[in-house]
Amino acid sequence: MRDRDLPVAGPPEPLPGTPDAGTAGAPAVGEAVWARVTGLIERAEEVALACHVTPDGDALGSMLAVGAVLHGLGKRVAASFGDRIFAVPRLLRYLPHQDLLVPPGDFPEAPELLITFDSSTLERLGLLAANAERAREVVVVDHHPSNTGFGTVSLIDPGVAATAMLAEDLIYRLGGTLDRDIATCLYTGLVTDTGSFRHASTSPAAHLMAARLVATGLRTDEIARELWDRSPFGYLKVLAAALDRATLEDDLVWTFVSQVDRAAYGLPYDEVEGIIDVVRRTDEAEVAVILKEDDQGVWQVSTRSKGAVDVGAVCTALGGGGHHNAAGYTSPHGVEQTMADFRALLPRKA
Ligand code: AMP
Ligand code: MN
Ligand code: MN
């Protein structure tokens, strides 16, 4: 890339007559809450940041973007996620600012100020849930309607497409600006949670944010390739096995990927995340489900709806959470029992 001065992005000017689907009407986060959050951050010398386990682009991207800005403001920053095996998913290794990450064991035990990203429950913080319980203040930055409000301050807006949208706002309110690296982190959150601006959550505000981010000179083509257009060869084989055993039951399509499937090709767990996007194409199905056995032998369930069914409600009832059209949970059972429990809660057409 040419060596040139790249612009930095600052807070947006309000655009007259531009409806913001995310925050139409009264803003979900009031000014008093914003003032409380910026006040807590300004007074803190050290800020601990945590996102949900097995982080996705929105969780990790939002956390690293805010972390980089806080670091630039002279704060001590420790960022982490509470997985037992602490590793950034291969797909997200291109993200800048990973030097801010520390393993959960090195995370402040009782932080003065903890900020969480994209985590709808305390449990989704995994090993770091204990640190959150000991923290003096916990600011929860999130957009899940199922958020339990587990912090001392809720910076939660279920109307925005990604936690990254709240992270951007927070950065401006702290007096920060976006350079290309910070914008790459935020863009990763925005583009993954909107399904490349295809999902219903993609508001005018999401597109306007993308314009600000892209203007910093980030490489949308390189980000897209990292996220969606590369896999180890074994992925093809595991995908083939998962599709081969896909089952269509009325308006439900489902399949599974076991540890044994992945082991045959040495395929890490995080590589199978995208399979749901193939399964959910099924025209005949309203709801798509994939069961993925993780490295601990526990089944992680991913669900998608086309709109008629609130899979977020179903997954919340099963101990997980998520959004109306994309949700998940962890099942303590095997494949058959997991599917029986899911079917039992699935609203059926009259
Ligand atoms: P995924 O299927 O992993 O892409 O997740 C889709 C949505 O469901 C995301 O918004 C997640 O935050 C949420 N989700 C997935 N797994 C869980 C879980 N075990 N507990 C709570 N929410 C979850
Ligand atoms: Mn997430
Ligand atoms: Mn998110």
Side-chain angles (χ1 to χ4, degrees), residues 22 50-66 81-83 89 91-92 95 116-126 129 140-148 150 155-168 185-195 199-203 206 209 227-228 254-257 269-280 287-294 296 298-305 310-333 338 342:
C51 68
H52 66 69
V53 288
T54 53
D56 52 25
D58 193 29
L60 197 57
S62 301
M63 177 170 78
L64 292 176
V66 171
F81 47 90
D83 283 300
L91 252 55
L92 298 176
L95 283 178
T116 71
F117 295 86
D118 205 43
S119 188
S120 54
T121 63
L122 184 67
E123 292 70 38
R124 288 278 284 162
L125 295 177
V140 173
V141 184
D142 189 30
H143 68 131
H144 289 95
S146 58
N147 194 292
T148 54
F150 61 92
L155 218 167
I156 301 168
D157 185 350
V160 296
T163 294
M165 296 181 75
L166 296 167
E168 188 202 19
C185 293
L186 292 177
Y187 184 82
T188 296
L190 186 64
V191 79
T192 50
D193 266 30
T194 59
H199 298 162
S201 58
T202 312
S203 60
M209 175 174 170
L227 288 171
W228 297 296
W254 70 276
T255 190
F256 66 90
V257 173
Y269 174 77
D270 53 39
E271 296 287 347
V272 300
E273 207 133 292
I275 296 180
I276 188 67
D277 287 320
V278 184
V279 178
R280 72 181 171 85
V287 170
V289 175
I290 184 164
L291 281 58
K292 299 168 289 185
E293 191 179 13
D294 68 19
Q296 283 75 48
V298 177
W299 290 92
Q300 305 292 339
V301 186
S302 281
T303 69
R304 299 293 185 266
S305 165
D310 183 355
V311 288
V314 176
C315 292
T316 302
L318 289 162
H323 309 277
H324 189 284
N325 288 350
Y329 64 99
T330 301
S331 172
H333 306 296
T338 299
F342 183 83

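All ligand and atom numbering here is 1-based and tracks the order in the structure. Along the sequence shown, the residues carry numbers beginning at 1. It should be emphasised that the depicted structure is a prediction, and the values quoted were computed from it without experimental measurement.
Side chain of S62 to main chain of A59: no donor-acceptor pair is present (N/O by atom type, distance under 3.5 Å, no hydrogens or angles). Panel note: side chain D58, backbone T163; a donor-acceptor pair is recorded below 3.5 Å.
With sequence neighbours excluded, the residues forming a ring-ring contact (aromatic ring centres under 6.0 Å, His included) with F81 are F86, listed by chain and number. S119 pairs by the side-chain hydrogen bond (donor to acceptor under 3.5 Å, both in side chains) definition with nothing, not counting sequence neighbours.
The distance from the Mn ion (ligand 2) to the nearest N/O/S atom of C51 is not under 2.8 Å.
Between the side chains of D118 and H52, at least one donor N or O sits under 3.5 Å from an acceptor N or O.
Using a 4.5 Å cut-off on side-chain heavy atoms (C-beta onward), V311 and N325 make no contact. Counting only heavy atoms from C-beta outward, the side chains of M209 and L186 approach each other to under 4.5 Å.
Under the 6.0 Å cut-off for aromatic ring centres, H323 and H143 qualify, their centroids lying closer than that.
Annotation: the span from E168 atom CD to C185 atom SG amounts to 13.0 Å, rounded to 0.5 Å. Rounding to the nearest 0.5 Å places NE2 of H144 at 13.0 Å from CG of D157.
Listed by chain and number, D58 OD2, D118 OD1, H143 NE2, D193 OD2 are the protein N/O/S atoms closer than 2.8 Å to the Mn ion (ligand 3), with waters left out.
Listed by chain and number, R124, H144, S302, R304, G320, G321, G322, H323, A326, A327, G328, Y329, T330 each place a non-hydrogen atom less than 4.0 angstrom from ligand 1.
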